[in-house]
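As structure tokens, the structure follows; a few thoughts come after it.
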Amino acid sequence: MTAVRFLASIDDVTRFSSAHGVESYLGLTPGENSSSDRQQRTGITKAGSPGLRRALVQAAWSGLRSCPNEPMVQWAQRIATRRGRFIAVVALARKIAGILFALWRDGSTYRAARAAEILAT
């Protein structure tokens, strides 16, 4: 369901030049409330489709519960020990969105071994 929602929300993969643009479009990036004197980071921006964002977050929760040996989940668990579970879940949801975008753009398939190499660096 997450992939179907992703395809329906993005519609045309060529609209975005990078995965970061998609993640920002979906509202999975930190917001900022700053002035000239101070810089304040806020929660995620919540732009874009709330249904897709909800599906991505639910996929991240599901991955954390059911796939503890997956490299992305281990990466998120390391974030959870440092920053908390909720931040780790949103980070994992953002990573899932970036991977879905890259798979769609390149017409490739997901390889966990490749993800482990990237996350190790």
Going by atom type alone, with no hydrogens or angles, which donor-acceptor pairs under 3.5 Å involve a side-chain atom of residues 16-24 and a protein atom two or more places apart or on another chain?
from  : atom 1 : to    : atom 2 : distance (Å)
Ser18 : OG     : His20 : N      : 3.4
Ser18 : OG     : Gly21 : N      : 3.4
His20 : ND1    : Glu23 : OE1    : 3.4
His20 : ND1    : Arg94 : NH2    : 3.4
Glu23 : OE1    : Arg94 : NE     : 2.9
Glu23 : OE1    : Arg94 : NH2    : 3.1

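Rounded to the nearest 0.5 angstrom, Arg78 CZ and Arg83 CZ are separated by 15.0 Å. Between the CD1 atom in Ile87 and the CD1 atom in Ile79 there is a gap of 9.5 Å [rounded to 0.5 Å].
At a threshold of 4.5 Å between non-hydrogen side-chain atoms, the residues Leu92 and Leu56 do not count as touching. No side-chain heavy atom of Gln39 sits under 4.5 Å from any side-chain heavy atom of Asn33. The side-chain heavy atoms of Phe6 and Leu26, taken from C-beta on, include a pair separated by under 4.5 Å.
Partners of Trp61 under the ring pair (Phe, Tyr, Trp, His ring centres under 6.0 Å) rule, at least two apart in sequence or in another chain, are Phe86. Residues passing the side chain to side chain donor-acceptor pair (under 3.5 Å) test with Thr29, sequence neighbours excluded: none.
Here side-chain hydrogen bond (donor to acceptor under 3.5 Å, both in side chains) pairs that include residues 4-14, with residues two or more places apart or in two chains, are Asp12-Thr14. Each salt bridge (charged side-chain N to carboxylate O under 4.0 Å, His left out) pair with one or both residues in residues 57-66, not counting sequence neighbours, would appear here, but there are none. Applying the side-chain hydrogen bond (donor to acceptor under 3.5 Å, both in side chains) definition to pairs two or more places apart or across chains, those involving residues 40-60 are Arg38-Gln40.
Contact between Val73 and Pro68 at its shortest, heavy atoms only, is CG1-CA, 4.1 Å. In plain terms, the two heavy atoms of Ala76 and Ala88 that are nearest each other are O-CB, 3.2 Å. Shown here for Ala97 and Leu28, the closest heavy-atom pair between the two residues is CB-CD1, 4.3 Å.
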Exercise for the section: Before giving the answer on side-chain contact (heavy atoms from CB on, under 4.5 Å), spell out for Met72 and Tyr110 the whole-Å C-alpha distance, their side-chain angles and the decisive distance to 0.1 Å. Expected result: CA-CA 12 Å; Met72 285 192 315; Tyr110 177 71; 4.0 Å; yes
